[in-house]
Each structure stands twice: as structure tokens, then as C-alpha cells.
Trainee: 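Got a structure for you, questions after.
To find a chain, count down the sequence lines: A is the first, B the second, and so on, and within it residues start at 1.
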Amino acid sequence: MALAGVEANGIQIDVQYLDGAIADVGARIQRLEGQFRDHAYWTEWKKLYGTNANLGSREQLGKLLFSHMGLANERTTASGKLAVDAVALEQCQHPFARNYIKLENLKKLQSTYLLGVRREVAPSGLLHVFYNLHRTLTYRSSSEAPNFQNIPIRDPEMAKWIRRAFVPRCNRQLLELDFKGIEVGVAACYNLDPQLISYVKDKSTDMHRDTAAELFMLPETAIPKNVRQAVKGSFVFAQFYGDWYVACTKSLWADIEKLGLKTADGVCLYEHLARHGVRERGECRDSTTATGGTFEAHVKSVEKKFWKKRFKVYDRWREQFYSDYLKNGGFATHTGFYITGLYGRNNVTNYPIQGSAFHCLLWCLIRLGRQLRQRRMQSLIVGQIHDSMVLDVVPAELDEVVGMVQEIVRSLLKEWRWIIVPLEIEMELAPVGGSWFDKKEFKI
DNA sequence: AAACAGTGCGCG
DNA sequence: AAAGCGCGCACTGTTT
């Protein structure tokens, strides 16, 4: 019922802007495609495929680059074919391949997002997306027509093109509220690992910083922001979701180059590691290839310490939870669901965390929506993204809305006793009349 | 023409 | 023993 309310509210779209953006991006795509058709490679491409040559076919591009031209590519897909994705094309280090990625990005922006939103906007100018609660294995939600939960944000350029179209109603502003680190917090509520709990509770500590110090042999007091960020994504979260050191080694090693990671003194991390006796990545083929002096061997030892020392209770919980599932044929979540069926180890230990984290948000969303109506306020909930909600607020109601949310979170902690860590709400606010792209951190 | 499988990529 | 989790959408190429 609550999500149906959000669907009915709808989010305002700046249709005039959107139509302009569609025209602009369309022209860019045309221009780029024209450049491709002037390139010598396109002539080769046509020799291979004749009238069937299709610039949009990655299969054809793969044949051209990796079979015909003989460029290297060791990446394969699930079914064993050569992968022709952004990583493989990046590795070609060739302008034709690089520009192809750019073109594909623009086409993704145009077809999935700009046109995807345009197609669904109602004549009123409101976009009523759908939220499902019956389609996920984890008891999260999903969103469709269009999917409101995967609108670009990480690439600022793509984010600007599409998020500019999402605007507040007249004389209002967009407010986004999200739970900070909710999945880590909820994980701690399942595994009760004292070290993890203390990391979550004590703001002076930072597990990403500490792990970064170990992985890159740096002092904990001198971890650059982008190094911490890379370790958070490529190691800590990956490990929590069930990744292993071989894959983590590859992505961390690639991050150094891709993100230009350096020590606080400006020394490239390859050079820094070499000074500490780690001169190469390692073969990274399987569990037998980690030989001494390689980054692979080092990451392996950090992983061991990570699970056997730092988060040993979390480690034991994963084992226990999975073996209980094997015995019982199912597992319960803290939010009252019992999940049965055939799943692997990573699924079983991740589903309850992912689902329950969403239920914290849903619990709050239900109450906020109800209270806004009861108080006859004009502010509306207009969207939801797993651990966040987007509101279209009347400026005069802003303080009251924020107060209501904080009170609701307090009552959540009282009601659900299994939540044994603090829950923090982060807010982002756009100016009155500003778009979703214009949101900025907002503190009271 | 519709359905399906496979691939790739956007988000949390 | 397995080897990050969850989604929706667009597009290509093939089958029905």
C-alpha cells in the first residue's frame, strides 16, 4: 500500500529539458557513428560482414579486433566465448576500441534512460514508476517501467544528462534520505561479530582504512581517500559478499593504474609496493599460483588475517548459517521471512542481510507516508532505491519532515530489538526548483 | 512477428 | 567447497 502511494504520487519530469537532451544526445550519437564509418577499420569490418555489417554488434566487433586483427583478449563470457565488454575493449589500448566504448555509453544513456523515461511520462508530466515486492529472491523490492533504481550517478556526465530531467513540483525541492552503511550494520546484526560491531559503532575507527593499510603496506594515518575507496569496493565489500583473494588481487592491482593510486607522499603504489618487496601482481590463475614476493601472495595473507583474526566471528557465522541451511533446507530472516530453495553459500549468507536492510527502509517509508497524510502535509514520497527514499518537499515543511524521519528511525530501533547497531540517516537536498542532479549533502 | 538465449551495463 | 550478492532494460542473433 505504501509503495502504491509512492507510485501514485509520481515524480515530476522536466519534459522540455528531456526532449532537448534526447535531440542533443541523438546528434552526438549520429556524429560519432559517422566518424566510425570513416575509419579504416570500418572498411575491414565491411569486408568481413558485407551488407550484414552492424556497428551495434559486439560479436562482429570481437571478430574484427580479436580474430581478424589479432589483438589480445583473454576475457571470456559465461558460455566460453570471447568477451567484448568495456574491460576487454579498454585493454586494446586502441582509439577505435576506446571510442566504441564512448559511443556505447551514449547509446545506453539515450535508449535506456532518456528515451526510457520519456516513453513512460504521463501527459501530466509525472512519471509513475512501479515497485515490486514479489520478484526478488531476497525480499528486496525491484522497480520497473522505468527502473528508478539504476539511474546513472557514478559517472557525473551521464548523471547530469538524465538526472537533470527529474525535478520537484512547483516551488518545491527534492530531498533524498538514505541509511548510511545499512548493509554492513545489518550484517553485524546477524553475525554479532564484536569487531564489526565496534567498527560500526565507533566513528573514530574505519575498517576500510585499516584494511587499506595492510593491503598496501601504508601507515593507517596516511591513507589517501581514493585508496580507501578502492579498497572498500574491491576488497572489503567484495569479501563480505563472498569474493576471494585471487579476484580481489586482480581488481586492486588494476585499480592502481586506473585510479592512479599513490601514497600520501605521491609515490605510485606499484613503486611503493616494489620498495616493500612486492614487484609483480602474480599469475592469479587459481589457488595454487600465489608465489612469494607477489601481490597475489600478499593479498592472500591479508585475506587470511581479515577472516581468521579480525572478523573471525563473522567468518564462523557464515559457516554455521550455511551448514544450518543445508540441514534445514531454508533459513529465516530477522524480518520474518523463511527462505527455502536451492542456493549456494554466498546466496544464503547474503540474502537475509540484503532483504532485512531493505525492510528497515520500507518500515520507515510506510510510517513516513502515513504520517505525511495524517498531518495533511503537502510533501510527498516520490521514489525509493533500496536504502534510500526521494521526497518532493514543500520548503516550509522541510524541518518537520526531517524531524519526523528521525523520530521514525528512533521508533524502529525500539520496535526491532534485533537491530543492535545505531542507524544513521544521511540527507541530500536540492535547491528549490533544482533537479535531482543538484542535490548536495544536507545537515541540520 | 514473437519468443528466447546470451551479453553487456546501469544502480544499491 | 567455491570462487562477490541483488535487480531491469536494450540489443543482437537464433529459433519458433
Trainee: Looking at CG of A/L106 and NZ of A/K108, how far apart are the two atoms once the value is rounded to the nearest 0.5 Å?
Mentor: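 Reported to 0.5 Å precision, the distance equals 13.0 Å.
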Trainee: Among B/dT7, C/dG6, C/dA3, which nucleotide sits nearest the side chain of A/W244?
Mentor: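 Ranking B/dT7, C/dG6, C/dA3 by closest atom to the A/W244 side chain puts C/dA3 first.
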Trainee: I'd like to know if A/R345 pairs up with A/E319 as an ion pair, taking the criterion as any Lys NZ or Arg NE/NH1/NH2 lying under 4.0 Å from an Asp or Glu carboxylate oxygen.
Mentor: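 Salt bridge absent between A/R345 and A/E319.
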Trainee: How are the rings of A/Y139 and A/F337 set relative to one another: parallel (under 30°), tilted (30 to 60°) or perpendicular (over 60°)?
Mentor: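 Judged by the thresholds at 30° and 60°, the geometry between A/Y139 and A/F337 is parallel.
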Trainee: Between B/dT7, C/dG6, C/dG8, spot the one nearest the side chain of A/T138, thanks.
Mentor: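 For the A/T138 side chain, the nearest candidate turns out to be C/dG6.
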Trainee: Quick one: is A/S388 getting a side-chain N or O under 4.0 Å of the B/dG12 phosphate, OP1 or OP2?
Mentor: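 For B/dG12, OP1/OP2 do not have a side-chain N/O of A/S388 under 4.0 Å.
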Trainee: Give the nucleotide from the list C/dC5, C/dG13, C/dG8 with an atom nearest to the side chain of A/E59.
Mentor: C/dG13
Trainee: Identify whether the distance between the nearest side-chain nitrogen and carboxylate oxygen of A/E296 and A/R281 falls below 4.0 Å.
Mentor: no
Trainee: What's the closest nucleotide to the side chain of A/D243 if the choices are C/dC5, C/dA3, C/dC7?
Mentor: C/dA3
Trainee: Cut-off 3.5 Å, side chains only: do A/W244 and A/E303 have a donor facing an acceptor?
Mentor: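 No, no side-chain donor-acceptor contact under 3.5 Å.
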Trainee: Please tell me which of the listed nucleotides, C/dA3, C/dG6, C/dC9, lies nearest to the side chain of A/T112?
Mentor: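 Between C/dA3, C/dG6, C/dC9, the one nearest the side chain of A/T112 would be C/dC9.
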Trainee: Assess whether one donor atom and one acceptor atom, taken from the side chain of A/Q354 and the base of C/dC5, lie less than 3.5 Å apart.
Mentor: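 Present.
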Trainee: Compare all side-chain heavy atoms of A/Y49 with those of A/N54 and state whether any distance is below 4.5 angstrom.
Mentor: no
Trainee: Distance criterion of 3.5 Å, no angle test: do you see the side chain of A/R135 paired donor-to-acceptor with the base of C/dG6?
Mentor: no
Trainee: Nearest to the side chain of A/N105 - B/dG6, C/dG6, B/dG10?
Mentor: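 The answer is B/dG10, which lies nearest to the side chain.
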Trainee: For A/S79 and B/dT7, is the shortest distance between a side-chain N/O and OP1 or OP2 below 4.0 Å?
Mentor: yes
Trainee: Any idea which of C/dA3, C/dA10, B/dC11 is nearest the A/R119 side chain?
Mentor: C/dA10
Trainee: If the cut-off is 4.0 Å, is A/N54 near the phosphate of C/dT12, judged by side-chain N/O to OP1 or OP2?
Mentor: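 Answer yes for this pair, as a side-chain N or O of A/N54 is under 4.0 Å from OP1 or OP2.
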Trainee: For DNA chain C, what are the stems built from at least three Watson-Crick or G-U pairs in a row, each pair having both distances below 3.5 Å?
Mentor: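 For DNA chain C the paired stretches long enough to count as stems (3 pairs minimum) are B:1-12 with C:5-16.
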